[in-house]
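Report on the structure given below.
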Amino acid sequence: MTIQERLDSQRALGGRVELAVGTHELSQTLTVDGSCLYLTGEAWACNTDPNGVFESRQGTKLRMRGTDYPALRIGRTCDPISGAAVRDLGVQGDIPGMDTRPLVDPEHPEWAAGLCLDAVRTDQCEFSKLSMCGLASGVCVSGNAEVDACTFEKINVDGCGNGFYFAPRASYYTHIRQCVIADNPFYGIYVKGRGHTHNLEIFDNLLVRNGGAFADKRAAVMLDGVSAVDVCRNLIDAPGVFWYYLDDATRNSQRQPSKRETVGLWVKGHQNRIRDNVLRNSSCEGMIVEGDGNILLNNLCDADVIVRGQGNTVCNLILTRPEARLIVEGEATVTGVPAERIVKR
């Protein structure tokens, strides 16, 4: 049986489909279309190569042979899907080198994605220890997706156009945690509040060298139109750095680095909690927060922090470069920041 046939045979009661170590080629999407279905690999195909230039040979890997479909989709006809899981797999995109910029299509964010949720409601599903390389987006949540209490954890997204593209119809209590998100020329994490995004938690992630290919000033981590989101204990390092490789590169040392002005973290919305984050090696403003009632607590940043709006709170902001300032535009309660480091406009 094919992998899809094995998955479909377990739909009635749920079950486990385990893929052996090796490369499994995909010419169309694999769909986990049922509750309590587990798709797992025998060993995590963790790609330790920066940017996915040199394709991993170890572990259980799905290798795409096309770019106009996602590798894995959760849901097609079953709605809702509860308790499903995808674990211990790698997904390699159909690309000769590492320049994933041409793969990103704003009209079809699901194309060339490693993991896609865009069709149904998913409840208490788990996606863990996945390695994504050479894709438009490592994880794409868009379209008609409604995500409830799902967990994305320990996902390695190296050298995709976007790390996480998160724009569901609705989201409740979703966790994105303990992921390594590096060397993505566009967003490391992009969240678009299309509808109701309630208590999204983004915490304990490493975000390195993201956002270096935008033509205009954007952010390595962008949250647009969100409320009551918790962004906690993330390291955002070297936003705006882009390591480019020619398609015929054979060594990591052949990278061609560049750096553009890219904000580390940019949040637009209300009553969000931004706490205990570290922003290093910034290329322009480290953090911009726009909206009302946002709370910034115990963050460490080596560049300017801009807070715009009314009723915001800033507490114990550590500015690690002498020239860095807290810039307040609007009204905010500020404690634990030296007065000489505060600029009010």
Side-chain angles (χ1 to χ4, degrees), residues 1-11 14-49 51-52 54-67 69-76 81 83-95 100 103 110-118 122 125-141 150-165 175-182 184 205:
M1 288 194 294
T2 66
I3 300 172
Q4 189 63 63
E5 288 170 339
R6 292 169 63 190
L7 285 166
D8 291 345
S9 71
Q10 305 276 15
R11 284 177 58 185
R16 180 186 181 95
V17 174
E18 183 172 301
L19 304 182
V21 164
T23 298
H24 304 265
E25 297 197 352
L26 295 182
S27 58
Q28 60 185 8
T29 302
L30 281 179
T31 304
V32 177
D33 196 30
S35 293
C36 302
L37 273 177
Y38 286 18
L39 176 63
T40 68
E42 185 179 342
W44 184 18
C46 180
N47 195 332
T48 57
D49 164 56
N51 298 294
F54 312 111
E55 191 172 331
S56 172
R57 297 290 185 265
Q58 292 77 35
T60 303
K61 181 179 63 178
L62 303 176
R63 180 57 158 88
M64 296 185 71
R65 298 298 181 188
T67 59
Y69 58 91
L72 293 165
R73 173 175 274 127
I74 308 302
R76 181 179 58 223
I81 289 178
V86 181
R87 301 172 178 154
D88 293 295
L89 294 168
V91 181
Q92 178 70 39
D94 191 358
I95 187 171
T100 54
L103 295 177
E110 76 283 2
W111 283 5
L115 174 67
C116 174
L117 288 73
D118 67 348
T122 50
C125 295
E126 177 191 294
F127 310 100
S128 178
K129 293 181 72 178
L130 306 174
S131 188
M132 309 294 192
C133 295
L135 300 156
S137 295
V139 177
C140 174
V141 183
C150 291
T151 299
F152 302 84
E153 66 176 355
K154 298 179 182 176
I155 296 177
N156 181 359
V157 184
D158 258 332
C160 296
N162 298 299
F164 279 74
Y165 181 93
H175 292 166
I176 300 173
R177 66 190 186 197
Q178 297 179 335
C179 297
V180 178
I181 304 168
N184 303 291
N205 299 291

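All values below were derived from every heavy atom in this structure, side-chain atoms included, with hydrogens, water molecules and symmetry-related copies excluded.
Within a 6.0 Å radius of CD in Glu42, other residues, nucleotides and ligands contribute more than 12 heavy atoms. Atom OH of Tyr38 is surrounded by 12 or fewer heavy atoms from other residues, nucleotides or ligands within 6.0 Å.
Across every non-hydrogen atom of Leu89 and Leu19, the tightest pair is CD2-CD1, 4.2 Å. The two residues Asn162 and Val157 come nearest to each other via the heavy atoms O-CG1, 4.2 Å. The shortest non-hydrogen separation linking Met132 to Gly138 is CE-O, 3.7 Å. Minimum heavy-atom separation, Ile155 to Cys179: O-CB, 3.2 Å. Shown here for Asp94 and Arg63, the closest heavy-atom pair between the two residues is CA-NH1, 3.3 Å. Residues Gly66 and Tyr69 come closest through the heavy atom pair N-OH, 3.4 Å.
Judged purely by atom type and a 3.5 angstrom limit, Ser137 has no side-chain atom pairing as donor or acceptor with the backbone of Ala113. The backbone N or O of Thr31 lies less than 3.5 Å from a partner atom in the side chain of Gln4, making a donor-acceptor pair. Asn156 places no side-chain N or O within donor-acceptor distance of the main-chain N or O of Cys46, the cut-off being under 3.5 Å.
Put simply, the residue from Val139, Leu130, Asn205 that forms a side-chain contact (heavy atoms from CB on, under 4.5 Å) with Phe152 is Val139. Partner of Pro70 under the side-chain contact (heavy atoms from CB on, under 4.5 Å) criterion, chosen from Leu30, Thr29, Leu26: Thr29.
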Does the side chain to side chain contact (heavy atoms under 4.5 Å, CB included) test come out yes or no for Gln10 and Arg16, once each step is laid out?
-> CA-CA 8 Å; Gln10 305 276 15; Arg16 180 186 181 95; over 6 Å; no

